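These numbers come from a predicted model, not from an experiment. Heavy-atom basis, side chains included; hydrogens, waters and symmetry copies ignored. To find a chain, count down the sequence lines: A is the first, B the second, and so on, and within it residues start at 1.
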Amino acid sequence: DAMVIQNPRYQVTQFGKPVTLSCSQTLNHNVMYWYQQKSSQAPKLLFHYYDKDFNNEADTPDNFQSRRPNTSFCFLDIRSPGLGDAAMYLCATSPSAGQETQYFGPGTRLLVL
Amino acid sequence: GQSLEQPSEVTAVEGAIVQINCTYQTSGFYGLSWYQQHDGGAPTFLSYNALDGLEETGRFSSFLSRSDSYGYLLLQELQMKDSASYFCALRNYGQNFVFGPGTRLSVLP
């Protein structure tokens with residue numbers, strides 16, 4: 001089945017230790033998004049890609065970076081995780097820039113010790 | 001900037017109809033979407049309104065009034081499995097998606 005896959009589902013890292021979260025999709029969608037969702041809050045958009053065109057949200061901390069080496073894969077790098085970065089990180093895709101429907105992966109829950 | 005407001009919680013009984021409201025402030029947007037999210041799960045797309053009026057998808061319907069900066073999600077024939085959080089979201093002309101704070105729906109037997 002075509003889908004959005006996120007690995008791992010749970011990630012534990014240490015304060016200040018770089019961590020990378022991964023997302024892959026078999027939907028061949030042009031657009032990919034990264035969201036941060038903290039407990040009982042709404043998803044907050046961090047980045048999005050239209051194909052290779054990278055778009056950084058204005059209030060996304062510099063501590064967060066992203067890479068999209070090809071259509072199928074997208075990575076979220078947190079260079080120096082702080083305790084406040086503990087959250088669920090959701091990857092989503094859309095077929096094209098004009099499409100409103102987003103298809104979400106199951107998320108990676110990040111714990112920072 | 002843009003902001004969306006939703007009630008934090010709604011409770012209803014099985015078989016009932018419930019309406020979840022969303023009011024927003026934005027300088028311009030393409031449309032209003034609705035997503036469902038069960039505890040520990042990922043959001044799933046429910047409905048989208050680009051134009052004013054009602055969109056119906058099975059038991060779920062969504063409404064938009066741009067003149068009133070208002071939309072709602074209507075859930076009919078409520079089932080226990082509908083207990084979840086519901087988010088409205090808009091895509092503004094800057095191509096950014098912004099989600100509302102979410103409404104937690106509890107369906108009672």
Side-chain angles (χ1 to χ4, degrees), chain A residues 1-7 9-10 21 23-25 27 29-51 53-60 87-111, chain B residues 1-10 20 22-24 26-51 55 57 60 62 64 71 73 84-106:
Chain A
D1 288 341
M3 59 178 62
V4 181
I5 302 161
Q6 291 187 247
N7 285 309
R9 295 293 307 277
Y10 298 90
L21 308 182
C23 176
S24 64
Q25 54 126 341
L27 298 163
H29 283 175
N30 183 262
V31 190
M32 294 188 79
Y33 307 87
W34 276 107
Y35 287 89
Q36 179 194 63
Q37 187 177 27
K38 297 187 176 180
S39 182
S40 301
Q41 295 185 21
K44 179 181 180 299
L45 185 62
L46 297 173
F47 312 99
H48 61 281
Y49 283 90
Y50 293 125
D51 195 13
D53 182 22
F54 174 72
N55 297 272
N56 186 25
E57 300 312 301
D59 56 355
T60 298
M88 175 74 84
Y89 289 88
L90 295 162
C91 174
T93 71
S94 285
S96 64
Q99 293 281 332
E100 296 299 323
T101 307
Q102 296 180 74
Y103 299 83
F104 283 84
T108 294
R109 184 166 294 282
L110 178 67
L111 180 62
Chain B
Q2 54 275 321
S3 64
L4 299 95
E5 293 186 6
Q6 301 178 236
S8 58
E9 292 183 0
V10 172
I20 299 174
C22 174
T23 57
Y24 58 84
T26 181
S27 55
F29 70 108
Y30 291 103
L32 191 70
S33 303
W34 289 91
Y35 286 81
Q36 177 193 63
Q37 186 176 30
H38 287 99
D39 285 347
T44 56
F45 174 81
L46 292 176
S47 189
Y48 170 68
N49 294 76
L51 304 174
E55 290 287 337
T57 311
F60 297 165
S62 59
L64 176 65
L73 179 70
S85 291
Y86 292 84
F87 295 92
C88 57
L90 59 80
R91 183 166 67 94
N92 61 34
Y93 289 152
Q95 300 293 340
N96 306 328
F97 275 99
V98 180
F99 280 72
T103 298
R104 188 171 186 86
L105 172 65
S106 298

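Of the listed residues (B/S8, B/P101, B/P43), the one with the most heavy-atom contacts under 4.5 Å to chain A is B/P43.
For the atom pair CD of B/Q37 and CE of A/M88, the computed distance is 7.5 Å after rounding to the nearest 0.5 Å.
Residue B/Q6: no heavy atom, backbone or side chain, is found under 4.5 Å from chain A. Interface remark: A/P106 contributes backbone atoms only to the contact with chain B (heavy atom separation under 4.5 Å). Interface remark: A/E100 contributes backbone and side-chain atoms alike to the contact with chain B (heavy atom separation under 4.5 Å).
Nearest approach of A/Q37 to B/F87, heavy atoms of both residues: NE2-CZ, 3.7 Å.
With sequence neighbours left out, the side-chain hydrogen bond (donor to acceptor under 3.5 Å, both in side chains) criterion links A/Q102 to A/Y35.
When each of A/F104, A/Y33, A/F47 is checked for a ring-ring contact (aromatic ring centres under 6.0 Å, His included) with B/F97, only A/Y33 meets the rule.
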